[in-house]
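To start, the structure itself, in structure tokens.
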Amino acid sequence: MTLAAWMYSINQLIEAHAGEPWVLIALAALCTIDGFFPPVPSESLVVGLAAVGRPPWWLLAPVAALGAVCGDNIAFLIGRRLGHTRMLNGGRRRVKTVVWARRQLRRRGPLCILVARYIPGGRVIVNAMAGATGFSYRVFLAVDVIAGILWSAYSVAIGTGTATVVGGNHMLAMAVGIVLAVAIGAVLDQILRRLMPVRAEADEEPVPGAVDEPRERHSHAA
């Protein structure tokens, strides 16, 4: 089989199955799991399906957003269950990310939740830290819904835009779209880390919606 014939067969296979109902169910499940288990490539899946054009974007975007919000809420609840101390267990990079998330939540809580989604690995840590430090769940949920909608729209736009440029080759559109999404994510990661750096000194003053748990809760009780 020639390369052209092989790619044609793959494109036909994608075209045949991309529009089936189980694809949306799988998408919602993977977007949810990705909210607390980062190795799951939910963004790549959204970009790839958007590049194919099936399911249609008006189904793809809300399902992806719903799954992402559910996953974020699970991470928040896990963080609240574990507490801040257990979140620090891990390697040096993990500890550095946790410290960054805690301080950014104190300084710019809602903004931190909104932009952390575009930092590889940062989304889960920030959402879990929001739960671990007693961040207001009402504020978290409102900001996270906005973040989920923006993320799904961003991913769908990359896939759709790539397909418009590449044409009807679904496999190529998926590959180019995924590479583009990873590249944009890496650039955003560097930009956001420079705009929201970790400071050397501890930032002790609270911000609206954030409560340091458990120390402040005990002090209040006293």
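This structure is a prediction, so every number in the text was calculated from the model and none was measured.
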In one Ile/Leu/Val/Met/Phe/Trp/Tyr side-chain cluster, 4.5 Å: Leu66, Ile33 =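 Different hydrophobic clusters.
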Treating Ile, Leu, Val, Met, Phe, Trp and Tyr as nodes and any side-chain heavy-atom pair under 4.5 angstrom as an edge, say whether Val165 and Val52 lie in one connected cluster.
-> no
Main-chain N/O of [Y] paired with [X] side-chain donor or acceptor, under 3.5 Å:
| X | Y | result |
| --- | --- | --- |
| Thr160 | Ala157 | no |
| Arg80 | Phe135 | yes |
| Thr32 | Gly67 | yes |

If you compare all heavy atoms of [X] against all heavy atoms of [Y], which two are closest, and at what distance to 0.1 Å?
| X | Y | answer |
| --- | --- | --- |
| Glu43 | Ser155 | CG-OG, 3.7 Å |
| Ala64 | Trp151 | O-CZ3, 3.7 Å |
| Leu24 | Pro55 | CD2-CG, 3.7 Å |

Quick one: are [X] and [Y] in side-chain contact, heavy atoms under 4.5 Å?
| X | Y | answer |
| --- | --- | --- |
| Arg54 | Val23 | no |
| Val156 | Val47 | no |
| Met129 | Leu105 | yes |
| Val46 | Ser152 | no |
| Phe37 | Val124 | no |

Set of residues satisfying side chain to side chain contact (heavy atoms under 4.5 Å, CB included) with respect to [X], sequence neighbours excluded:
| X | value |
| --- | --- |
| Pro62 | none |
| Ala28 | Val63 |
| Ile25 | none |
| Asp34 | Val40, Ser42, Arg123 |

State the CG-CG distance between Leu49 and Leu60, to the nearest 0.5 angstrom.
->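 Rounded to the nearest 0.5 Å, the CG-CG separation comes to 5.5 Å.
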With rounding to the nearest 0.5 Å, note down the distance linking CG in Asn127 to CD1 in Ile78.
->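 Reported to 0.5 Å precision, the distance equals 10.5 Å.
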For Phe36, ring-ring contact (aromatic ring centres under 6.0 Å, His included) partners two or more places apart | none
Residue pairs passing the ring-ring contact (aromatic ring centres under 6.0 Å, His included) test where at least one lies in residues 42-78, sequence neighbours excluded =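 Passing the test, one end in residues 42-78: Phe76-Tyr137, Phe76-Phe140.
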Would Val115 and Arg108 satisfy side chain to side chain contact (heavy atoms under 4.5 Å, CB included), going step by step from the backbone distance to the final call?
-> CA-CA 10 Å; Val115 303; Arg108 319 171 178 87; over 6 Å; no
